[in-house]
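What follows is a short report on a single structure.
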Amino acid sequence: MKLATWNVNSLKVRQQHVIDWLELSQADVLCLQELKLPDEKFPRAELEEKGYRSWFAGQKTYNGVGILVRNGLQVDEATIVRNIPGFEDSQQRVIAATINGIRVISAYFPNGQAPGTDKFAYKLRWLDAMHDWIASELAQHPKLALLGDYNIAPEDRDVHDPNAWEGQNLVSPEERASFARLIELGLVDSFRLFDQPEKTFTWWDYRMLAFRRNAGLRIDHILLSKPLAESCTHCDVDKTPRKWDQPSDHAPVVALTE
DNA sequence: ATGGCTCGCGGAGCGAGA
């Protein structure tokens, strides 16, 4: 199964990009983040026409996540979960579905703004809640994939200029510790299962010609439970759509599993 | 050099993103 995640930074603006990239990649499952539209404006019919069913949790202006599933894969409707159960949150950041027996979670982790801010405190609380929920999900679903925009660069090699970024939002020790705690639950960073080109990133600032200079961060990830990681044969970042006109600032990440 | 782009919203600039 070809699993992918992509922060599209407005599905309204990037609808055609998503359709073109599905055609190009032939992904079976595409997790989307930052839809930035309410549910009534989700282009369900247009995606259906291209052979994908959609599940989503949207809201006006900000956030919003979805899962696109290619026709023919089995989705158990009763397994759809929106948001982290028990975590009170007005922001739509999580949707889960069981697809061909694999628990797939699309997540848009909070940005955090800067260490010491209220938004950073919210990010850490959200990460704690995510940790505890994933622990219980893993107990029920041996095959689990947590895909999304984590807004965390796990290691210095995931940062174009570690010195300039030291201690800042997205790379701070607290955030990296939270990422490590997710890994300790028994998840595997599929990207690091394989040899990768140095300085591979998933996000580049729109400003400062950052993409051209490859001044980026690796903050979008596909974490797999160990039973699923055992069947993972490939993972990479597809920079192709980042080169298209009016691109998202993120590139899709792709993993191949059983 | 703390800006630089690109969104949504609303119909001018501003907040937010990362």
Side-chain angles (χ1 to χ4, degrees), chain A residues 5-18 21 31-43 56-66 89-94 106-127 130 147-179 191 199-221 237 239 241-253:
Chain A
T5 181
W6 194 9
N7 179 325
V8 289
N9 184 20
S10 170
L11 184 56
K12 181 186 169 190
V13 174
R14 237 68 69 186
Q15 180 179 321
Q16 193 57 45
H17 287 219
V18 168
W21 190 74
C31 294
L32 298 174
Q33 299 87 37
E34 283 210 85
L35 305 178
K36 292 189 171 180
L37 43 75
D39 285 350
E40 58 268 25
K41 294 201 175 161
F42 191 98
F56 44 88
Q59 67 184 98
K60 201 177 172 181
T61 312
Y62 297 120
N63 309 309
V65 287
D89 197 351
S90 61
Q91 305 182 32
Q92 302 299 313
R93 297 184 173 279
V94 175
S106 176
Y108 175 44
F109 289 49
N111 173 283
Q113 194 171 55
T117 63
D118 288 348
K119 287 178 183 173
F120 192 81
Y122 163 71
K123 181 177 194 174
L124 295 183
R125 283 195 300 111
W126 191 97
L127 281 160
M130 175 60 88
L147 307 91
D149 176 0
Y150 285 62
N151 271 315
I152 301 172
E155 300 177 50
D156 278 352
R157 60 180 166 161
D158 302 314
V159 180
H160 68 98
D161 185 348
N163 290 327
W165 278 85
E166 191 180 1
Q168 297 206 49
N169 194 45
L170 314 182
V171 309
S172 74
E174 297 100 311
E175 292 161 85
R176 285 179 170 176
S178 287
F179 186 90
F191 182 80
K199 301 187 185 302
T200 299
F201 307 123
T202 66
W203 169 84
W204 303 261
D205 200 304
Y206 281 123
R207 299 166 293 186
M208 302 175 290
L209 305 171
F211 183 65
R212 215 167 74 181
R213 296 189 294 117
N214 196 30
L217 303 175
R218 192 176 71 93
I219 56 177
D220 301 84
H221 308 295
V237 178
K239 287 162 71 171
R242 189 64 176 77
K243 300 167 187 167
W244 294 344
D245 285 343
Q246 205 178 4
S248 168
D249 44 357
H250 295 252
V253 184

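Below, read A as the first sequence line, B as the second, and so on, with proteins coming before strands; counting in each chain starts at 1. Please read all numbers here as calculations on a predicted model, not as lab measurements.
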When you get a sec, tell me which of [options] is the closest nucleotide to the side chain of [X]?
| X | options | result |
| --- | --- | --- |
| A:Tyr62 | B:dC7, B:dA18, B:dA16 | B:dA16 |
| A:Val13 | B:dA18, B:dC9, B:dC7 | B:dC7 |
| A:Lys12 | B:dG8, B:dG17, B:dC7 | B:dG8 |
| A:Arg207 | B:dG8, B:dA18, B:dA16 | B:dA18 |

Residue-phosphate contact under 4.0 Å: [X] side-chain N/O, [N] OP1/OP2:
| X | N | value |
| --- | --- | --- |
| A:Gln246 | B:dC5 | no |
| A:Tyr108 | B:dA16 | no |
| A:Asn151 | B:dA18 | yes |
| A:Lys119 | B:dA16 | yes |
| A:Ser10 | B:dG8 | yes |
| A:His250 | B:dG17 | no |
| A:Arg14 | B:dC7 | yes |

- So which of A:Gln33, A:His250, A:His221 actually passes side-chain contact (heavy atoms from CB on, under 4.5 Å) with A:Thr5? A:Gln33

Just the rounded figure in Å: distance from [atom2] of [N] to [atom1] of [X].
| X | N | atom1 | atom2 | answer |
| --- | --- | --- | --- | --- |
| A:Lys123 | B:dA18 | NZ | C1' | 8 Å |
| A:Leu37 | B:dT6 | CG | C1' | 16 Å |
| A:Arg242 | B:dT6 | CZ | C1' | 10 Å |
| A:Met208 | B:dC5 | CE | P | 10 Å |
| A:Phe211 | B:dT6 | CZ | P | 14 Å |
| A:Phe179 | B:dA18 | CZ | P | 16 Å |
| A:Glu175 | B:dA18 | CD | C1' | 10 Å |
| A:Asp205 | B:dC5 | CG | C1' | 7 Å |

When you compare [N] with [M], how far apart are their [atom1] atoms, in angstrom units rounded to a whole number?
| N | M | atom1 | result |
| --- | --- | --- | --- |
| B:dA16 | B:dG10 | P | 15 Å |
| B:dA1 | B:dG15 | C1' | 23 Å |
| B:dA18 | B:dG8 | P | 14 Å |
| B:dC14 | B:dG4 | P | 12 Å |

- Message: Under 4.0 Å, heavy atoms only, any strand: does A:Leu209 hit a base, just the sugar-phosphate, or nothing?
- Response: nothing

- Message: Need one value for A:Asn7: base, sugar-phosphate or nothing, where a base atom within 4.0 Å counts as base even if backbone is also close, heavy atoms only.
- Response: sugar-phosphate

- Item | Pair A:His17 and A:Trp244, ring centroids less than 6.0 Å apart | yes

- Message: Using the rule given for side-chain contact (heavy atoms from CB on, under 4.5 Å), can you reason through A:Phe120 versus A:Gln113, listing the C-alpha separation, both sets of side-chain angles and the distance that settles it, and then say yes or no?
- Response: CA-CA 6 Å; A:Phe120 192 81; A:Gln113 194 171 55; over 6 Å; no

- Item | Chi angles and distances behind the side chain to side chain donor-acceptor pair (under 3.5 Å) call for A:Trp204, A:Asn214 | CA-CA 7 Å; A:Trp204 303 261; A:Asn214 196 30; 2.9 Å; yes

- Task: Nearest-nucleotide wise, let me know which of A:Tyr206 and A:Gln91 is further upstream toward the 5' end of DNA chain B.
- Result: A:Tyr206

- Name the residue closer to the 5' end of DNA chain B, choosing between A:Gln168 and A:Asp249 according to the nucleotide with the nearest heavy atom. A:Gln168

- Item | Opposite nucleotide pairing with B:dG11, Watson-Crick or G-U, both atom distances under 3.5 Å | none

- Task: Scan every strand shown for a Watson-Crick or G-U wobble partner of B:dG4, both distances under 3.5 Å, and answer none if you come up empty.
- Result: none

- Message: Is it the case that over 12 heavy atoms from other parts of the model lie below 6.0 angstrom from the CD atom of A:Glu166?
- Response: no

- With a cut-off of under 6.0 Å to the ring centre and 45° to the axis, is A:Arg93 in cation-pi contact with A:Tyr108? yes

- Message: Please determine whether any donor N or O and acceptor N or O are separated by less than 3.5 Å between the side chain of A:Asn111 and the base of B:dA18.
- Response: yes

- Task: State, with a plain yes or no, whether a side-chain heavy atom of A:Trp126 is found less than 4.5 Å away from one of A:Val94.
- Result: yes

